[in-house]
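Let me begin by presenting the structure, written as structure tokens, before commenting on it.
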Number of protein chains: 2
Amino acid sequence: MSDTNTRPATAVVLFTMDRGLKVLLVGGSRWHLPCGPVEDGESLAACAKRMVTNAVRHSEIYLEQLYTFDGATLGTQGTGIVVTYYALAPLDKVGIPDRDSRWFALADAPALPDGHQRIVDCAGDRLTAKLAYTTIAHQFLPDQFTLAELQAVYEAISQQPLDKRNFRRRLQSSDHLVETGGIRRDGRHRPARLYRLRQPDQVAALRQGNPK
Amino acid sequence: MSDTNTRPATAVVLFTMDRGLKVLLVGGSRWHLPCGPVEDGESLAACAKRMVTNAVRHSEIYLEQLYTFDGATLGTQGTGIVVTYYALAPLDKVGIPDRDSRWFALADAPALPDGHQRIVDCAGDRLTAKLAYTTIAHQFLPDQFTLAELQAVYEAISQQPLDKRNFRRRLQSSDHLVETGGIRRDGRHRPARLYRLRQPDQVAALRQGNPK
DNA sequence: GCAAAAGTGTTTACGTTACACCCATGG
DNA sequence: CCATGGGTGTAACGTAAACACTTTTGC
């Protein structure tokens, strides 16, 4: 049962893409999600951002609310309600974690306290689902990117290989990508064309309207 | 900004189907959503259910969390966080509202206080979206139903007419429906076959896995 | 010239849509 | 017998899936 006199807390599942999808955990010996109580006069989103500010250099980070748990549904007894978020940041915007925090692949994350594992699973499911019908994958990439980089993000999250031609056709016909004209030379092979999002500042729906 | 010392509240958008989609509002003169603070030792879902118990006879009601707002995002200033839910009940499980509560069609609902309209919109969007890929529509129907009744629910929520043959083919091939063998005689025309859900106690996904 | 990744079309299968008539019953 | 809603099939279309080779560069 929740103790509603305890002030609400937020917990954040921060993902980045570094040779695969990684999640940030804190705590050193007893790993857990970044979390903490909301302060007076602080909005929920601001609190969630504050939980990960030591890990993320820039402040314009993608943040989305996941679900709100009470003690009963989380499996922890007591201790108020927890408003959970997930956040995405490209590798070049995250700082090197101190010795109190680390990036883990989802597969080899350590055991987490009651409820935290469920929050991570929930975030992973949401991310996977949104990959299919939004431009959310671009939150892991810099403004300019190659189609191969984009495909790698899709493959890392969905955990399945994608057909190069079908992938490119689908994305290019979706009208969200714009060729910048630039190219990236990268090793002894043909350089790749660079693209950017037509509307970089929003995560747009690919198919049709989807709920908040 | 939210005052996190105020205890959290829940607000509920309760829908039913009565010649179209209806939403329950309370308050008599100044209509608003059923809402109120969480009590000590009460779970969030229990609190949300309590908000609508005077309107719904049975306790097994479909209830799903929508979103959690703070004062800043709701547009109201101050007054803590609000965990919002939406709920669905078939007409035969809802009581006749007292003079302090009424069912409104979405189109002709009165002006609502700050934030409440946004919550209703959010609930409507979620309901419409889930209609497409879950069996949520059945929350408006009794255990046994005809395909025409089911189609009417879909048409009321999506607000567009559906092709009878395509609708029936799609639903029947989805493997969620079972013919009961019974029929319903209803007027001077051919009687309709009755169906039930194969798994009546869960809202199942129609296509593939979708996040919580 | 060769290794390595970028880039490009066509065919096939499948699911979705559009559409019109007969059936069973009550009055 | 007729009015009323219940029930049924097929053809056209568009989308998604499978699949292999040429191009451009660095060394």
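Quick note on labels: first sequence line is chain A, next is B, and so on, each numbered from 1.
Partners of A:D121 by side chain to side chain contact (heavy atoms under 4.5 Å, CB included), not counting sequence neighbours, listed by chain and number: A:Q117. In this structure, the side chain to side chain contact (heavy atoms under 4.5 Å, CB included) partners of B:R198, at least two apart in sequence or on a different chain, are B:D175, B:V178.
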Between the protein and nucleotides 13-15 of chain D, which nitrogen or oxygen pairs come in under 3.5 angstrom?
none

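Counting only residues at least two apart or in different chains, ring pair (Phe, Tyr, Trp, His ring centres under 6.0 Å) contacts with residues 172-206 of chain A are absent. Residue pairs satisfying the ring pair (Phe, Tyr, Trp, His ring centres under 6.0 Å) criterion with at least one member in residues 144-165 of chain A, sequence neighbours excluded, are listed as follows: A:H138-A:F145, A:Y154-A:F167. Among residues at least two apart or in separate chains, there is no side chain to side chain donor-acceptor pair (under 3.5 Å) pair with a member in residues 16-35 of chain B. Within the structure, salt bridge (Lys or Arg N to Asp or Glu O under 4.0 Å) pairs that include any residue of residues 94-113 of chain B do not occur (at least two apart or interchain).
When the nearest nucleotides of DNA chain D are assigned to A:G187 and A:R170 by heavy-atom distance, the more 5′-ward of the two goes with A:R170.
Residues A:R184 and A:E149 are paired through a salt bridge, judged by an N-O separation under 4.0 Å between the basic side chain and the carboxylate.
Distance B:R185 CZ to C:dA24 P: 12 Å, rounded to the nearest Å. For the pair A:I183 CD1 and C:dA5 C1', the computed distance is 14 Å after rounding to whole Å. Distance CG (A:L171) to P (C:dG7): 13 Å, rounded to an integer number of Å. Atom CD in A:Q151 sits about 14 Å away from atom P in C:dA5, given to the nearest Å.
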Check your understanding: Nucleotide by nucleotide, 5' to 3', does protein get under 4.0 Å of the base (B), only the sugar-phosphate (S), or neither (-) in nucleotides 2-9 of chain D, counting heavy atoms?
Key -> -BBBBBBB
Side-chain donor-acceptor contacts of residues 84-97 of chain A below 3.5 Å, not counting sequence neighbours, with atom names and distances?
unit_1 : atom_1 : unit_2 : atom_2 : d
A:T84  : OG1    : A:Y67  : N      : 3.2
A:T84  : OG1    : A:Y67  : O      : 2.7
A:Y85  : OH     : A:Q65  : NE2    : 3.4
A:Y86  : OH     : A:E64  : OE1    : 3.1
A:K93  : NZ     : A:E60  : OE1    : 3.4

